[in-house]
Amino acid sequence: VYTLTTLINCFCRLHKLDFGFSVLGKMLKLGLEPNTVTFTTLINGLCIEGKVAPAVRLLDEMVETGYKPDVITYSTIVNGLCKIGNTNVAIKLLKKMEERGFEANVVVYSTIIDGLCKDKVVTHALELFSEMKSKGILPDRFTYSSLIQGLCNLGQWKEATRMLNEMIAMNITPNVFTFNILVDAFSKEGLVSKAQDVVQMMIQRGEQPDIITYSSLMDGYCLQSQMDEAKNVFNLMVLKGFAHDVFSYNIMINGYCKCRRIDEAMRLFDDMSQIGLVPNSITYTTLLGGLFQVGRVQAAKELFKEMRAFGQLPNMMTYSTMLDGFCNNGHLNEALELLQAMQDNGLDPD
RNA sequence: GUCCAGAGAUGCAGUAUG
């Protein structure tokens, strides 16, 4: 049962939920009793696909057939609810869980706190934060990281700093996640030198920056149109032994596109394939926007074709970019054609 | 015996509105 549950978990993470359920079928056929962990794993698989309603149904079936969920089962669904933006329902489920005699733990609380922070209702998150502490549940790195991120996104730097100090005082050492949140927040706010300070601080504290740290920093420079600085970070990453990924390329490509330096962006795009990275729909959408911005309508049309030829499906953002590009360049008829084509492909304009 | 099957935090793209 342990082995097969592990297998189910693997399938879930590979987005092969059907296979996961087949394994459950096999288990039953072999006369093996699935247990709470097996069901929780499948429930998580459903949540990963955003199928939270079926996940809840599975929980109900589980209870009806006599299998006992536990706190992890509940928190799995709580997480699913939060990820699809139903934080309020998640809170209700937390209460229900407690009514049924399960004790909340730091994971459920942190999950909800994170959801509230992402919804930008940090005051509510802080209320839950006090609530958990009053129940004697100690916050951990996850809890503090979510709160720090929420506060930063609202520009409440003082409060964010206070949180950081509080966590250190509580002997919960910030890790690479925590620092990366700060680097990203400062970068997005245009305070790249502050972001640099955080990188220095983390190195001093013995926490090694990773590819996300440097990518965030790069993005900060790009947003300030400081492409030389961004390029320096890009090169520094290689020197430090990091292999660039699609994200780091996309960030640089976006930087060049926004500065109307489309040729340099295209060069990076070519480099990507050279080193075996597969450009994704974000890469293409970024470049399409860049091409239209400098009036290269024909090149954009060709790239749009190429993207589909390489199996990258245009999404809503890609179409918006195309439509906007056509309109701004006086190709209204092509915009209308594309709008039609998009609907024919089953994508409803938003 | 908080290692030994399951839950939580970090980086990239568009339009309109503001």
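First the proteins, then the strands, lettered A, B, ... as listed; each starts at 1.
Because its NZ or CZ atom is both nearer than 6.0 Å to the ring centre of A:Phe304 and within 45° of the ring axis, A:Arg308 counts as a cation-pi partner of that residue.
In this structure, A:Arg13 does not reach the B:A5 phosphate: none of its side-chain N or O atoms is under 4.0 Å from OP1 or OP2.
Ring centroid separation for the pair A:Phe326 and A:Phe292 comes in under the 6.0 Å cut-off. The aromatic ring centroids of A:Tyr249 and A:Phe234 lie less than 6.0 Å from each other.
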I need a per-nucleotide contact map over nucleotides 9-15 of chain B, read 5' to 3'. Cutoff is protein heavy atoms under 4.0 Å; write B for the base, S for backbone only, - otherwise. BBBBBBS
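Between B:A7 and B:U2, the distance separating the two C1' atoms is 16 Å to the nearest Å. Taking atom C1' on both nucleotides, B:G11 is separated from B:U15 by 24 Å, rounded to a whole Å.
If you take CE of A:Met97 and P of B:A7, they are 16 Å apart, rounded to a whole angstrom. Summarising the geometry, the separation between OH on A:Tyr67 and C1' on B:G6 is reported as 16 Å, rounded to the nearest angstrom. For the pair A:Asn9 CG and B:A5 P, the interatomic distance rounds to 11 Å; values are reported in whole Å. Counting to the nearest Å, the P atom of B:A7 and the CG atom of A:Asp140 are 15 Å from each other.
Using the six-membered ring where Trp is involved, A:Phe186 and A:Trp157 have ring planes that are parallel, under 30° apart on the 30 and 60° scheme.
Put simply, the side chain of A:Thr111 and the base of B:G8 share no donor and acceptor less than 3.5 Å apart.
Contacts of A:Val106 with the nucleic acid, taken as non-hydrogen atoms under 4.0 Å apart, include base atoms.
The side chain of A:Thr5 lies closest to B:A5, out of B:A5, B:A7, B:G6.
Using a cut-off of 4.0 Å between Lys/Arg side-chain N and Asp/Glu carboxylate O, A:Glu99 and A:Lys96 are scored as not salt-bridged. Ion pair A:Arg162/A:Glu166 flagged as a salt bridge, since at least one NZ, NE, NH1 or NH2 atom sits closer than 4.0 Å to an Asp/Glu carboxylate oxygen.
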